[in-house]
Amino acid sequence: MLCVASMGAEKTAGIRIDSRTRYQHVTGFGGFSPSPQWSYWLSDTEMDKLFGKADNQLGLTVLRVYIANNKNYWNSGVANIRRAKKYGAFVFASPWSPPAAWKDNNQTGNGGKLLVSRWGDWATFLNDYYKYMKGYGLKIDAVSIQNEPDWSPSYESCNWTGEELAQFLRQHGSKIECKIIAPESVHFTKNLHEPMLNDEEACKNLDIVGGHFYGWDGSDYPLAAQKGKEVWMTEFLINERQENGGAKDGPNIDWQTDGFLFAKSVNDAMLANMSAWVHYSLKRYYGCLGDGQFGTQNNVITKRGWILSHYAKYVSGTTRIAHALNDATGKISSSAYLSVTGDSIIVMALNPTADTYTTTLDLPFMTKGVRQIVTTETQNVKKSELTYEEETSSSKVSLAPYSVNTYIYVKSSPRTDLPEQASEDEVVFADNFDMYGSGCVPAGWQAKDETGNIRKAGDYGMGPRIMGFNAEGLMRYAFYFRSGSSQAGYASYGEDSSHRLNLDAGKYTLSYSMVGYKGTPTVTATVSTAGNSLVAKMPSTPTVTISENGASSRIVKTTDYSLDFELKDGGNYILKWAVAKSSGGFNEMLVGNVRLIRHNDTASGIEEIIPTPSSYSEDCYNIQGQKVGDDYRGLRIKNGKKTFVK
């Protein structure tokens, strides 16, 4: 049942795109066929609807299949894999459980552990699946070690810890001849994949960090990027509804609510630097093809299928690029991509409201027109084209109520008035933080009271923490600190003796963004020596506030500051943000987007000089002047010399 959208108001928005700043490669989008708990596989006709490239087909590019723990059933997946490969799909396979005799509970369900004595057999088993399909002339691109190792349902399952997965990969990963995906955890929790990434030998045998979105916290995974690994969302089932007592809002999938929960999940994954988004069952009333249940038509493409087609057909193979969304309402969502050939920009825009948004797109090149693909309650991937009388770098489009939109712009000529892009080499120190969680403080940062006592993470009363927000906001993550009614408080970087901020003499600019949490307290930013001699000071009063936290909130306003100062001598320095004690309750602050840039004034403008430690030292430093361990990989400085360590 489709609802007719009510007439809303006219709103405006803007999207500025910069193709010079590039993020992750996007491999593709797809789904799973089938679940081990069901007895069917998809027919060739159904696979054509899902993976074919025609207008009435979805153009999916990733297929996930099931590895049965009995080799006698492997043949059942051949037809689906062959059909997906006909369309060039990436195919990966996931096991639900090893054979019961190999587990400590002697059953395929209820979790249990794979016996350590069988780890080698399990690696061989997974590789046998790869070789089995190879015997049919079919390439399995990757296999998973285990589906959802952090859950113990009654159906097929098996439990692993992150440390066990790392040990397995270290000892047996090289036996598997295709790419390896792990850990495919239920909640995409970092304590399962970080042990693998931090183990040098295990990391060599891991290709893709995979996880599921059941309870995903909205964070990205910079450690995976540092290790050169793609991050994939390999399963999500959104709002499955059951009839006769189980339905919360009726048996049908509602476009205005569920449809945009689905669309936003895909877009949020892209903004979190993920390279693939894979739905659960491809054919189901909540999948891409209906199964005849709860208002769906059997073998007919669903609204969710058409939504995923927007991404599969036009984003697969691209590279995500920087885009700045200016939407005062905080309701629409977007993302931008550079085509494989580099001559086109693809913009995705989601409008989950009853309002029409007149949106201006600021493009990084000149264009002569735009191709639009739109899906609404009554239309599926409707295509249209608009040609401009003169080439332009500014395009005005209309986002219809409750619409999913794809815009494709082809470059006609370079743009000569692009604003200059600051080189990344200008940055001496930067911290946009990461979603470490409520119980953690990022390395090098501290929160203290006015007498110098460190406030511990996880202490609800006064404890600092990292807060995460919607990726399209002005701050993705922020460092939270606060005062009390009896004690002032501050946040700092550079006081921790293990993470000094070592700077040479020169001119600098410190920039940062601040938001008051449920208030607008006064914060004073300072730069001082390690001996607490003041170098520079900027008092500030944030003029904006946010009253909620979490990945669903978007920070649409920040108060931004820039502090210029000059250091006469090199050495260790401290950045500090202090908030006065309150008359009652707490004064609470968020600081983010922290950047420190060093300048050298010359006739040709500002030129960056990478600072090195001011004196020769046996300690290792990175190019930001931060002390690092001897195992640090990348460009590092030791004894005054720069070396690159792989």
Side-chain angles (χ1 to χ4, degrees), residues 328 429-433 438 441-442 444-457 459-469 473-496 501 508-549 553-566 573-597:
F429 170 77
D431 208 333
N432 293 323
F433 305 110
S438 61
V441 172
W445 287 83
Q446 291 183 343
K448 293 185 177 183
D449 62 27
E450 60 186 353
T451 60
N453 295 315
I454 296 176
R455 289 169 174 165
K456 301 294 185 182
D459 176 357
Y460 178 78
M462 302 299 286
R465 66 208 69 177
I466 297 296
M467 287 187 173
F469 302 93
L474 297 178
M475 283 201 297
R476 181 70 176 93
Y477 301 105
F479 185 67
Y480 169 91
F481 65 102
R482 61 188 178 189
S483 68
S485 57
S486 60
Q487 288 275 1
Y490 68 86
S492 68
Y493 187 93
E495 286 188 289
D496 185 342
L501 184 61
Y508 292 84
T509 298
L510 172 65
S511 60
Y512 55 95
S513 300
M514 303 217 69
V515 175
Y517 185 77
K518 300 181 181 179
T520 58
T522 298
V523 173
T524 302
T526 60
V527 180
S528 61
T529 67
N532 287 321
S533 296
L534 184 66
V535 174
K537 178 179 179 180
M538 173 174 277
S540 60
T541 304
T543 57
V544 294
T545 183
I546 184 169
S547 59
E548 57 182 337
N549 66 302
S553 295
R554 183 185 304 177
I555 296 183
V556 296
K557 283 188 178 181
T558 60
T559 308
D560 302 322
Y561 297 95
S562 181
L563 175 60
D564 297 321
F565 61 94
E566 183 173 1
Y573 289 87
I574 298 170
L575 310 178
K576 183 185 294 185
W577 292 262
V579 58
K581 64 183 180 181
S582 61
S583 58
F586 300 117
N587 275 330
E588 304 168 279
M589 288 306 310
L590 297 167
V591 61
N593 301 332
V594 180
R595 292 166 64 88
L596 182 62
I597 296 174

Just wondering, do [Y] and [X] contact through their side chains at under 4.5 Å, heavy atoms?
| X | Y | result |
| --- | --- | --- |
| L474 | V515 | no |
| V579 | W577 | no |
| F429 | L575 | yes |
| Y517 | I546 | yes |

Considering all heavy atoms of both residues, which atom of [X] and which atom of [Y] are nearest to each other, and what is their separation?
| X | Y | answer |
| --- | --- | --- |
| F481 | A447 | CB-CB, 4.4 Å |
| G489 | S483 | N-CB, 3.7 Å |
| S540 | T522 | O-CG2, 3.2 Å |
| Y561 | P542 | OH-N, 3.9 Å |
| M514 | V523 | SD-CG1, 3.7 Å |
| P464 | K456 | CD-O, 3.5 Å |

**Message:** I'd like to know whether D449 forms a side-chain contact (heavy atoms from CB on, under 4.5 Å) with R455, so could you lay out the CA-CA distance, the side-chain angles of the two residues, the decisive distance to 0.1 Å, and finally the verdict.
**Reply:** CA-CA 7 Å; D449 62 27; R455 289 169 174 165; 3.2 Å; yes
From [X] [atom1] over to [Y] [atom2], what is the distance, rounded to the nearest 0.5 angstrom?
| X | Y | atom1 | atom2 | result |
| --- | --- | --- | --- | --- |
| F469 | I555 | CZ | CD1 | 4.0 Å |
| M538 | T524 | CE | OG1 | 11.0 Å |
| D560 | Y512 | CG | OH | 10.0 Å |
| Y493 | L510 | OH | CG | 13.5 Å |
| S513 | R595 | OG | CZ | 10.5 Å |

**Sub-6.0 Å ring centroid separation between F479 and W445** =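 Between F479 and W445, the centre distance is under 6.0 Å.
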Holding to side chain to side chain contact (heavy atoms under 4.5 Å, CB included), I want the full list of residues that pass it with [X], two or more places apart in sequence or in another chain.
| X | answer |
| --- | --- |
| S528 | N532, I574 |
| T509 | S562, D564, H599 |
| A578 | Y490 |
| V535 | V527, T529, F565, L567, Y573 |

**Request:** Evaluate side-chain contact (heavy atoms from CB on, under 4.5 Å) for L596 paired with L501, printing each intermediate quantity in order.
**Result:** CA-CA 11 Å; L596 182 62; L501 184 61; 4.1 Å; yes
**Item:** salt bridge (charged side-chain N to carboxylate O under 4.0 Å, His left out) pairs, two or more places apart, involving residues 580-590
**Value:**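 The answer is R482-E588.
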**Message:** Keeping T545 on the side-chain end and G519 on the backbone end, is there a donor-acceptor pair under 3.5 Å?
**Reply:**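 Yes; judged by distance alone, with no hydrogens or angles, the pair exists.
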**Request:** Kindly write out the residues that satisfy salt bridge (charged side-chain N to carboxylate O under 4.0 Å, His left out) with E566, not counting sequence neighbours, or none if the list is empty.
**Result:**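 Counting only residues at least two positions away or on another chain, E566 forms a salt bridge (charged side-chain N to carboxylate O under 4.0 Å, His left out) with K568.
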